[in-house]
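Each chain gets a letter, A, B and so on, in the order the sequences are listed, and its residues count up from 1. Please read all numbers here as calculations on a predicted model, not as lab measurements.
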Amino acid sequence: MNSLTNVRVRFAPSPTGFVHIGGLRTALYNYLYARKHGGTFILRIEDTDRERFVEGATENLISVLEWAGLVPDEGPRQGGNYGPYFQSQRTEIYQKYARELLDKGFAYYAFDTPEEIEAARQRARQSGNQFMKYNFTIRHEMSNSLNMTPQALRAALDAGKPYVIRLLVPEGRQFEVDDEIRGRVVFDSREIDDQVLLKSDGFPTYHLANVVDDHLMEISHVIRGEEWLSSVPKHLLLYECFGWTPPHMAHLPLIFNPDGSKMSKRDIQSLDELPSGKVDPDVASYIRKGYEKAAIINYIALLGWNPGEGDDRQVFDLPELVQEFSLQRVNKSAAIFDLKKLQWLNKEHIMRRDVASLMEELKPALRKAGYTDVADDYLARAVGLMRERLYFTEDFVKLAGYFFNDPTSYDEQAAQKRWQEDTPELLRQFAEAIRKLDTFTAGAIEETLRQVAEAHNSSGGKLIHPLRLAVTGVSVGPGLFELLEVLGKETVLRRIDRGMEIIPKLIS
RNA sequence: GUCCCCAUCGUCUAGGGGUUAGGACUCGGGAUUUUCGAUCCCGCAGCAGGGGUUCGAAUCCCCUUGGGGACACCA
């Protein structure tokens with residue numbers, strides 16, 4: 001089982017300012033794989049694009065990962081023997097390796113200005129080629145060291161002419177990956193271009209930095225989104241040029257909007273009003289909306305993975321996912337993000353939480369709603385009754401106010417339907433009967449109620465519905481007898497009186 | 001456009017030659033002689049199309065179609 005020695009995996013996001021749902025799933029699968037195989041989970045920040053630098057993005061990213069419980073073993077915050085873990089702090093390393101490629105003849109200097117590149121692109125377009133490739137087809141007409149004498153190159157370098165370093169991609173080579181998820185995939189080298197490895201500002205591009213770091217950090221498995229699959233041949237070529245063994249690769253299926261489009265931050269104008277068919281890709285939005293972290297983790301785990309034949313479980317916590325996870329059971333096809341199922345899982349996870357932790361979480365919201373001075377044991381009983389009916393923890397505040405305050409209004413529709421001619425008399429009798437009760441427990445209350453109803457040749461429902469209305473003001477809630485027990489005799493009697501006074505006026 | 005990936009209910013998926021094609025979400029219905037977005041039952045709904053291979057194909061192969069990704073001095 002643990003025959004894989006030294007599993008080292010990494011989550012390598014670029015700090016764009018928010019954490020994408022798909023990114024979180026990539027992080028999760030990496031984390032699960034590491035834990036499953038006793039390996040190391042590494043966080044590496046790919047911040048080589050200084051034009052897209054976003055203030056605070058890295059801090060945000062780390063805090064979301066920690067919130068989700070996906071704490072790296074090595075990374076910016078915890079350090080490690082393979083640092084630094086910011087690519088922006090590793091530029092000399094990449095420059096050194098770029099020079100090595102230059103020396104070996106696997107890369108070359110290119111001095112083309114952006115204007116010259118654009119002009120070449122124009123020429124290609126005019127001859128019907130939408131996407132120009134800077135490769136064997138045109139590199140001999142461009143301004144690069146392949147077309148210069150050593151003296152001219154020296155002169156250009158000495159003159160400080162801006163340059164990039166490009167990978168010299170051979171013609172007519174085949175590159176094969178045996179992807180852990182997709183199986184064998186073959187690429188022809190004529191399809192890739194002479195990728196820029198080092199930009200004119202001295203920073204590496206993704207491809208160089210990624211390959212160098214994965215090697216230096218001894219990454220055993222590269223687990224990332226499918227959008228990287230077509231970059232694999234470039235990476236394989238680089239490994240080959242350096243003489244390194246490439247890591248195992250696993251390209252995960254993508255996650256889409258309900259309408260099949262790519263989940264994009266651009267779709268999001270406001271948090272609640274999404275264009276139809278779109279869904280918010282920002283993990284922070286879900287946190288803010290009050291989703292359980294366990295539900296989010298559970299849901300995205302299931303988006304592209306399942307525990308396998310004969311295992312119908314849908315609800316998993318993180319340790320269970322670690323136990324069950326395997327790359328072999330990751331799907332090939334893209335998945336659509338379904339809010340409804342996430343919400344259902346949210347409810348399932350709330351239901352499984354212990355009352356004490358729910359209570360603690362609810363306290364600030366309760367205080368804010370004006371329910372102060374609530375005794376812990378009372379709150380615990382209320383939460384216990386409501387726990388399995390909540391889609392969000394905050395629903396408790398909206399749905400269960402009657403545990404703390406007498407109702408100030410009554411559901412008129414319910415009143416119309418349930419408040420009948422004999423209701424006042426029944427309630428009066430019931431109130432009398434429970435007044436005499438020594439033990440105000442659900443069992444005793446139910447017995448009493450049934451007796452009163454029977455004495456009137458009436459059904460329990462005749463009393464139960466108006467009673468609930470009088471006591472809570474609404475028509476839905478937990479089982480009535482347990483509810484009354486928690487509220488306590490005095491409160492119940494007081495509310496019956498009040499209800500009998502006010503409700504009849506509503507329906508006249 | 002070129003290359004690459006993908007294709008089972010509306011959605012997430014099981015199923016990898018012989019199954020009444022299974023589960024989950026959603027939706028609909030019923031039960032709970034106490035409500036409900038709770039719970040429990042029941043139901044609706046699917047192998048994209050066409051060719052092969054085979055006694056037999058959702059399953060293997062090919063084509064078509066559809067969806068997606070990549071094609072930057074962004075990752």
Is the CD atom of E141(A) crowded by more than 12 outside heavy atoms at less than 6.0 Å?
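Above 12, so yes.
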E55(A) CD: over 12 foreign heavy atoms closer than 6.0 Å:
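Not more than 12 within 6.0 Å, no.
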If I pick the [atom1] atom on [M] and the same atom on [N], what distance separates them, to the nearest angstrom?
N: G22(B); M: G15(B); atom1: P; result: 15 Å
N: U8(B); M: G46(B); atom1: C1'; result: 6 Å
N: U11(B); M: C44(B); atom1: C1'; result: 15 Å
N: C61(B); M: G23(B); atom1: C1'; result: 31 Å
N: G52(B); M: G17(B); atom1: C1'; result: 15 Å
N: G37(B); M: U26(B); atom1: P; result: 12 Å
N: C12(B); M: C47(B); atom1: P; result: 16 Å
N: A21(B); M: A45(B); atom1: C1'; result: 13 Å

Any donor-acceptor pair under 3.5 Å from [X] side chain to [Y] backbone:
X: N346(A); Y: E292(A); value: yes
X: R182(A); Y: A250(A); value: no
X: T113(A); Y: E116(A); value: yes
X: N147(A); Y: R139(A); value: yes

Output the single nucleotide from [options] whose closest atom is nearest the side chain of [X].
X: Q314(A); options: G23(B), A75(B), G37(B); answer: G23(B)
X: F187(A); options: U35(B), C74(B), C4(B); answer: C4(B)
X: W344(A); options: G23(B), U26(B), A75(B); answer: U26(B)
X: H207(A); options: A75(B), C5(B), U26(B); answer: A75(B)
X: E388(A); options: A38(B), U26(B), U35(B); answer: A38(B)
X: E348(A); options: C12(B), G23(B), U39(B); answer: U39(B)

Just the table, please: protein N/O against nucleotides 9-11 of chain B N/O, every pair under 3.5 Å.
none

Assigned glycosidic conformation for G16(B) [threshold 90° from 0]
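G16(B): syn.
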Between atom CD1 of I336(A) and atom CG of L303(A), what is the distance when rounded to the nearest 0.5 Å?
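With rounding to 0.5 Å, CD1 (I336(A)) is 9.5 Å from CG (L303(A)).
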Looking at CG of L358(A) and CZ of R353(A), how far apart are the two atoms once the value is rounded to the nearest 0.5 Å?
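Reported to 0.5 Å precision, the distance equals 4.5 Å.
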Can you find a side chain N or O atom of [X] that sits less than 4.0 Å from OP1 or OP2 on [N]?
X: R450(A); N: U34(B); value: yes
X: T48(A); N: A75(B); value: yes
X: N331(A); N: A14(B); value: yes

Verify whether the ring centers belonging to Y291(A) and Y299(A) lie closer than 6.0 Å.
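Not close enough - the centres of the two rings lie 6.0 Å or further apart.
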Are F256(A) and F337(A), when compared by the centres of their aromatic rings, separated by less than 6.0 Å?
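When the ring centroids of F256(A) and F337(A) are compared, they turn out to be at least 6.0 Å apart.
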Over all strands shown, is [X] touching base, sugar-phosphate only, or nothing at heavy-atom distances under 4.0 angstrom?
X: G128(A); value: nothing
X: R52(A); value: base
X: P307(A); value: nothing
X: R50(A); value: nothing
X: P478(A); value: base

G-U wobble or Watson-Crick pairing nucleotide for [N] (cut-off 3.5 Å, both distances):
N: C47(B); answer: none
N: A70(B); answer: U2(B)
N: G16(B); answer: none
N: U39(B); answer: A31(B)
N: C25(B); answer: G10(B)

Can you pull every protein N or O that's under 3.5 Å from an N or O on nucleotides 67-73 of chain B?
{"from": "A70(B)", "atom 1": "O4'", "to": "S230(A)", "atom 2": "OG", "distance (Å)": "2.9"}
{"from": "A70(B)", "atom 1": "O2'", "to": "S230(A)", "atom 2": "OG", "distance (Å)": "3.3"}
{"from": "C73(B)", "atom 1": "OP2", "to": "R166(A)", "atom 2": "NH2", "distance (Å)": "3.4"}
{"from": "C73(B)", "atom 1": "O2", "to": "S200(A)", "atom 2": "N", "distance (Å)": "2.8"}
{"from": "C73(B)", "atom 1": "O2", "to": "S200(A)", "atom 2": "OG", "distance (Å)": "2.8"}
{"from": "C73(B)", "atom 1": "N3", "to": "S200(A)", "atom 2": "OG", "distance (Å)": "3.0"}
{"from": "C73(B)", "atom 1": "N4", "to": "D112(A)", "atom 2": "O", "distance (Å)": "3.2"}

Quick one: sort the F111(A) and Y109(A) rings into parallel, tilted or perpendicular, breaks at 30° and 60°.
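Because their plane-to-plane angle is under 30°, the rings of F111(A) and Y109(A) count as parallel.
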Would you say the side chains of Y108(A) and D194(A) form a donor-acceptor pair under 3.5 Å?
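A pair is found: one side chain offers a donor N or O, the other an acceptor, under 3.5 Å apart.
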Between P on U33(B) and CG on N457(A), what's the gap in Å once rounded to a whole number?
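From N457(A) CG to U33(B) P: 19 Å.
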In terms of the nearest nucleotide of RNA chain B, which residue is placed more toward the 5' end: Q130(A) or G308(A)?
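Counting from the 5' end, the first nearest nucleotide belongs to Q130(A).
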